[in-house]
Amino acid sequence: MASAEPVIKVRDLTMGFGDFVLMRDLNFDVQRGEIFVILGGSGSGKSTLLKHMIGLYTPQNGHIWVAGADITTAEGKAREAILRRVGVMYQMGALFGSMTLLENVRLPLEVHTDLPREAMDAIARARLQLVGLGEFADFMPSEISGGMQKRAAIARAMVLDPEVLFLDEPSAGLDPITSAELDQLILRLARSLDMTIVIVSHELASIFAIADRVIMLDKESKGIVAEGNPATLRDTSDHPWVQRFLQRADSADSEERST
Amino acid sequence: MDKQAADSGQTFRYDATASPDACLQLSGRLDVHAVERVWSPLRRRARELAEGTQAAVTLDVGDLEYCDGAGAALLHALERDIERAGRQVELVGVQGLVEEQLTPYRELETVEPARHETRGGLLAQSLEAVSRVGQAAYSQFGFIGELTRALGSAVLNPRQVRWGDTFRVAEAAGFQALPIVSLIAFLLGVILAFQSAIAMRQFGGEIFVANLVAVSLFRELGPLMMAILLAGRSGAAFAAEIGTMKVNEEVNALKTMGLDPVRFLVLPKVLAGILVAPLLALYANMIGLLGAAVVMQGFGIPWTAFFNQVTVALDLSDLFTGLFKALIFGLLIAGVGCLRGLQTASGAAAVGISTTSAVVTSIILIVVFDGLFAVLFYHMGV
Ligand SMILES: Nc1ncnc2c1ncn2[C@@H]1O[C@H](COP(=O)(O)OP(=O)(O)OP(=O)(O)O)[C@@H](O)[C@H]1O
Ligand SMILES: [Mg+2]
């Protein structure tokens with residue numbers, strides 16, 4: 001599945017705020033079509049790393065290439081061109097509260113395409129249906145549940161058929177069944193629609209179900225402590241922290257606990 | 001440079017054959033760019049085919065190399081067009097990707113919209129929510145620069161402005177403020193007239209109360225009261241609305257969609273502020289005069305005498321300096337409200353802090369600018 005040139009290349013990335021360094025010298029690639037999961041404890045900088053990858057934050061040092069272009073230096077049109085090819089679901093959904101779900105999902109189409117209104121509506125409706133919200137198109141975000149809001153946010157993130165889909169904790173706070181359905185959706189997107197998907201997640205059960213590769217961020221050493229297939233890491237890694245993290249996942253899995 | 005284009009040079013093509021059998025053959029990449037081009041012509045072609053045959057119309061998608069969501073929307077629309085013309089559709093060559101993309105469109109045909117409570121139009125009043133995280137670097141100067149640029153480009157290119165939002169905000173900030181402005185301005189007129197009439201009566205100069213009240217209202221108090229009300233009502237609302245969007249990451253979502261928050265969120269509010277403030281000030285002036293006139297009835301000054309005296313007392317310069325001040329106040333209040341909103345840190349408490357600080361900053365700026373204008377107008381002799 002992985003073709004020669006990675007979709008995302010992160011090189012010597014140092015990120016932080018002011019004098020405070022969060023992570024130092026990160027290096028990793030994301031291959032085309034894979035489901036790539038960023039793991040780490042709370043506050044280790046997963047969301048921050050994601051925001052660097054979509055150019056919302058400027059790194060203290062290093063570069064990030066997304067779909068062949070350097071997002072850390074791109075400006076104006078070049079930057080727009082990169083952003084046009086990625087979709088983002090934020091940790092809190094970030095649906096626009098004054099717009100219906102349909103209008104939320106349609107907005108990227110209005111911004112980036114010249115399609116007739118009728119076509120935009122049809123596409124937005126179909127994307128909502130894809131995440132199981134077809135019948136709620138005319139609802140306001142405040143009228144649906146938190147899990148439904150997350151799914152609607154995913155529909156909005158993928159309405160332009162992005163090459164790379166970034167999801168920040170898509171299944172946090174969802175019940176195990178809904179979260180398993182979401183996993184199936186993510187798998188289908190990656191396998192059938194050939195999207196590259198970068199996920200921040202704590203949900204260990206879902207990581208083993210969907211991840212092709214994971215990286216684990218560690219706050220103490222300010223770097224990546226492990227990288228690879230999650231099952232392989234669990235069986236072979238001798239790093240105690242990695243072991244603890246993934247083993248717990250496994251036992252959680254067998255006890256059918258959700259978190 | 002597009003992935004679509006890079007992966008294969010194959011552009012989208014369609015061939016329509018009317019005989020022996022009506023057939024529409026699609027090939028290449030059916031992506032959103034292709035759909036933009038062919039949406040209308042291809043649908044027209046499909047209807048013509050359907051009308052020109054008695055048998056079924058074949059829709060051959062076997063040679064499609066790629067089909068995205070927009071492409072599937074077109075395929076689905078074509079099917080519906082042909083069916084609506086009363087012909088059968090035979091879809092041939094559907095495989096993996098096309099199938100996957102078409103599925104939700106198929107499912108939607110049987111989906112009933114869920115019912116929900118009727119919602120008030122008021123909901124549409126806040127185009128925003130909240131984003132965590134600080135792009136703290138929205139420095140004041142950067143903001144003033146961006147706002148100036150946005151205002152400049154709005155003047156040069158008024159069609160870019162989101163007028164719908166602007167008028168919605170103007171309605172909330174202006175029209176809906178009329179009751180409270182009426183009340184305060186009326187009472188202000190009453191108090192001013194009453195206090196000065198008591199003093200003036202000692203000299204038998206009750207009629208000059210009209211001069212006093214008119215000039216102080218038009219030059220000073222009308223715009224000032226209006227500004228303080230506007231800051232409390234709308235400046236605070238702007239900060240809360242944008243602050244909430246910031247905390248909910250909606251501002252970030254706008255940015256990643258390629259929409260500039262200043263243009264999208266701030267500009268309509270600032271334009272509405274500029275538009276509404278002078279009108280409100282003018283209205284406050286009128287109502288204030290009315291309040292004063294009512295009081296003067298009690299001091300034996302009839303309506304006509306009072307308003308005649310007002311027209312004598314007032315200069316055009318009194319009116320226009322007041323309205324000009326109101327306009328600047330409107331700009332300050334809306335600008336500060338939006339800036340504080342964008343500077344919101346994360347968490348719900350931060351929204352409260354932004355709101356408070358929007359009101360406090362606005363009122364300080366209003367008083368400072370009022371002083372500056374007093375000096376300026378004095379030296380200009382107006
Ligand atoms: N805008 C910001 N300014 C300053 N510090 C920040 C900012 N955003 C995040 N941080 C800090 O960076 C650290 C990592 O935050 P981040 O949101 O990336 O964590 P996370 O790994 O996503 O955690 P969680 O799993 O809880 O979402 C935290 O200590 C946080 O306080
Ligand atoms: Mg996070």
Looking at H112(A) and M257(B), what are the two nearest heavy atoms and their distance?
NE2-O, 3.0 Å

Please state whether the side chain, the backbone, both or neither of L74(B) comes within less than 4.5 Å of a heavy atom of chain A.
neither

Any heavy-atom pair between the side chains of V111(A) and F264(B) that's under 4.5 Å?
no

R127(A), part contacting chain B, at a heavy-atom distance under 4.5 Å:
side chain

For a quick test of reading the model, state the closest non-hydrogen atom pair linking A73(B) to A119(A) and the distance between them.
CB-O, 4.5 Å

Is there a side-chain contact between L115(A) and V32(B) in this structure, where contact means two heavy atoms from C-beta onward sitting under 4.5 Å apart?
yes

In this structure, CD of Q129(A) is separated from CZ of R106(B) (nearest 0.5 Å) by 13.0 Å

With distance as the sole test, does E36(B) use its side chain to make a donor-acceptor pair with the main-chain N or O of D114(A) at under 3.5 Å?
yes

Roughly how far apart are K51(A) NZ and K255(B) NZ, rounded to 0.5 Å?
10.5 Å

Given the options R43(B), R37(B), H76(B), which has more heavy-atom pairs under 4.5 Å with chain A than any of the others?
R43(B)

Heaviest contributor of heavy-atom pairs below 4.5 Å to chain A, chosen from L97(B), T256(B), L259(B), is T256(B)

So for A77(B), is it side chain, backbone, both, or neither that comes closer than 4.5 Å to the heavy atoms of chain A?
neither

Residues L108(B) and G134(A): closest non-hydrogen pair is CD2-CA, 4.1 Å

Chain B contact via A137(A) - which portion, at a heavy-atom distance below 4.5 Å
neither

With a 4.5 Å limit on heavy-atom distance, are the side chains of L130(A) and Y105(B) in contact?
no

